[in-house]
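Below, chain A is the first sequence line, B the second, and so on; all start at residue 1.
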Number of protein chains: 2
Amino acid sequence: MARRNTNRRVGIADVAEKAGVSHATVSRVMNGNAAVDPGIAARVRAAAAELKYQPNPVGRSLALGKTDTIGIVVPDLANPTFQAILRGLSIAAAQDGYRVLIADSSEVTSEEAILAGEARRRCDGVVLCAPRMGDAELEELAPTLHPLVLINRTTIATNTPSLSVDYGQGIQELAQHLVSLGHRRLVFLSGPEHSASNRQRLVGLDQFRKEHPEIELQMLHGGSNFDSGHESTDAIIASGATGILAFNDLVAMGLLSGLHERGIRVPEDISVTGFDDIPFAKYTTPPLTTAAVPINELGSLAWRRMREQIQQAGDAPVQAQDEFPPRVEIRKSTAAPALKHA
Amino acid sequence: MARRNTNRRVGIADVAEKAGVSHATVSRVMNGNAAVDPGIAARVRAAAAELKYQPNPVGRSLALGKTDTIGIVVPDLANPTFQAILRGLSIAAAQDGYRVLIADSSEVTSEEAILAGEARRRCDGVVLCAPRMGDAELEELAPTLHPLVLINRTTIATNTPSLSVDYGQGIQELAQHLVSLGHRRLVFLSGPEHSASNRQRLVGLDQFRKEHPEIELQMLHGGSNFDSGHESTDAIIASGATGILAFNDLVAMGLLSGLHERGIRVPEDISVTGFDDIPFAKYTTPPLTTAAVPINELGSLAWRRMREQIQQAGDAPVQAQDEFPPRVEIRKSTAAPALKHA
DNA sequence: AATAAGTGAGAAAGCGTTTTCTCGGAGGGA
DNA sequence: TCCCTCCGAGAAAACGCTTTCTCACTTATT
């Protein structure tokens, strides 16, 4: 036996004893499963209420083979995008009586599989959010995790639902927006190397280049947060570009701040775009032109896809592959460039 | 019995059979508890590795009476402050092999106790973050939750550690800062009614009033997010004040944006302060003068306090009451007021 | 009136572990 | 050589619940 029996919590046995019935009957009335005599049921309920009995979820989980919990693993909990997904997921899941367990891989690629595995063992399913691992590893891991929902990645072999944003399309539209304003020299300030969404932006921009050979488009390596945007300020200025496509809103904001410090006006001197449309984007000065991804929907849809899998329990292998088109949100950080003087 | 036995996960029994030993022995080598013959141990380990055996955490939890999980309940997961606490907690807990389960009460006061109770039953402890419930209810709930850490609230009766920020002190220092710049007419844009930290600010400002009877200090009712700050713009302008103490950084940012839209310059025409120093605060335009709370420490310290309780298991009733003094962070959103013209 | 069918509650098995208890065998001292 | 002690491994109980199985009892059917 494990624990000392001293002052243990009130269990089903206590209720059974007080009500003068068996454990089984208590369980039945608590779960409303089988028919039980109304009189007895009332007695049990009274006893349960009096003892403030609350079923032990661990015991239930073991017996039922389910935990009513799902896990989510994100690369960086400091990123507002992932925070928003987490929030949407959590709220949607709570509506159906599920809780969410979080795991933050802190951008350590090698930890992802381990964290996901551990989460899966404790939960009824896992949402893998923008995993940085390689395709091969993901393909191998996915079946292991089975009730799995992927965000910003897809698998081919297994039938796992995925939600993704068409970053390639979005970045092209932003670039197009800058061009239509009259910009001819652009810079893409790229994101984390292992980020699939960054790769998608890159292929989108390749496409853009083909369609607009007359536009100069430089690539600058950056990161995914404020600081990396801020640090890129000088390189951006040195590039001589008038239109900047930042990897995301965070990077754009860091850049905005850096430009402001150096007295460079946005959008008069340089136009800046972000990506994601995080809640803060419309409150920056100037408000940020960006590509809005329906971030709140992502979380709740992730839950819906998860629920479908949990409920259908290996029934129909519906492999939903949802792809969201970003919507360009034109604000004040972009404008026609000043007349050239170089 | 619960589940169909078809295609169930590999359990301890499978390993035992493959290694030709008993369940007990497998458990022993997996946990390294008792002495077991090195040869047998090796055989067990080999079998476990070959079958990719991973102990079922639910079974372990039931036997061990612990889940290696803690819960956190927050009023609003959209608030960067709570996000940061969650993140700090999660990372610190992960370092000790613990996971965290989240519950978002969505500012619904009546849900808090229920969520906290459920979380507690599933976890080894609960972190209650800025609960909105009344003092009486909190006092009654706390012992129920026992391994409990309170953030931004305290209890008297029970010995529960609490971490709090001295909001009263911080708001006074901000007000003082505005006064020393020359402001004479201030407004406090208050936060959620049930927020204890808002009440602390109010008592701090009462104190401030006593010490500075010559200063006009109006109170305006607001909320805790962007939008409420934005919506207060006209009321702020109508107040005729030159120095605005916003409830927190979010409110301040909303206000900043509203003022900008109406062509009012910050800090030339109006000075604005925030509270919390969320990561975004130094990237607003102008960068926000605010009171920095050591938000990252809060999360990790919360974990430390939790760990102490879990480990000491009813040993020494160390009731740590940590209080953090905010540090005023002077940036560009505050300056001397323009000469009066009214 | 006797048998069949139905109903509802208790007994017990099972979920997957850990840990106590028990016991056979080996080793050491007398 | 015999007995006692020690050691290590298996048997089984325990954790707290759900659910099948079983069975006594009641009600319907002929």
Calculate the interatomic distance between B/I12 atom CD1 and C/dC15 atom P; express it in whole Å. 14 Å

Should A/R132 and A/E112 count as an ion pair when the cut-off is N to O under 4.0 Å? no

Which whole-number value in Å describes the distance from B/K66 NZ to C/dT18 P? 11 Å

Any chance CD of B/E107 has more than 12 other-residue heavy atoms, nucleotides or ligands included, within less than 6.0 Å? yes

For atom CD of A/E17, decide whether the heavy atoms of other residues, nucleotides or ligands shown that lie under 6.0 angstrom number more than 12. no

Is the closest side-chain heavy-atom distance between B/M30 and B/Y53 below 4.5 Å? yes

Would you call A/E118 and A/R121 a salt bridge, taking side-chain N to carboxylate O under 4.0 Å as the test? no

How many whole angstroms separate atom CG of A/L64 from atom P of C/dG16? 13 Å

Would you call B/R60 and B/D68 a salt bridge, taking side-chain N to carboxylate O under 4.0 Å as the test? no

Step by step, would you call B/L163 with B/R305 a side-chain contact (heavy atoms from CB on, under 4.5 Å)? CA-CA 9 Å; B/L163 322 186; B/R305 294 281 174 255; 4.0 Å; yes

With 3.5 Å as the limit, what N/O pairs link the protein to nucleotides 6-10 of chain C?
| unit_1 | atom_1 | unit_2 | atom_2 | d |
| --- | --- | --- | --- | --- |
| C/dA9 | OP1 | A/D37 | N | 2.9 |
| C/dA9 | OP2 | A/D37 | N | 3.2 |
| C/dG10 | OP2 | A/S22 | N | 3.2 |
| C/dG10 | OP2 | A/S22 | OG | 3.0 |
| C/dG10 | OP2 | A/T25 | OG1 | 2.5 |
| C/dG10 | N7 | A/R28 | NH2 | 2.8 |

Does B/Y53 put a side-chain nitrogen or oxygen below 4.0 Å from OP1 or OP2 of C/dT17? yes

Phosphate oxygens OP1/OP2 of D/dT18: is one of them under 4.0 Å from a side-chain N or O of A/N31? yes

May I have the distance from A/M30 (atom CE) to D/dG16 (atom P), rounded to whole angstrom? 16 Å

In whole Å, what is the span from the CZ atom of B/R60 to the P atom of D/dG16? 17 Å

Between the side chains of A/S195 and A/S197, does any donor sit under 3.5 Å from an acceptor? yes

When the distance from CG of B/D68 to P of C/dT18 is rounded to whole Å, what number comes out? 12 Å

Closest to the side chain of B/L62, out of C/dT18, D/dT19, D/dG16, is D/dG16

A/N79 side chain to A/T81 backbone, donor-acceptor under 3.5 Å: yes

With axes from five pairs an end, tell me the bend angle of the helix from C/dA1-D/dT30 to C/dA30-D/dT1, nearest 10°. 60°

Length of the CD-P vector between A/E17 and D/dG16, whole Å: 15 Å

How many Å lie between CZ on B/R122 and P on D/dC17, as a whole number? 13 Å

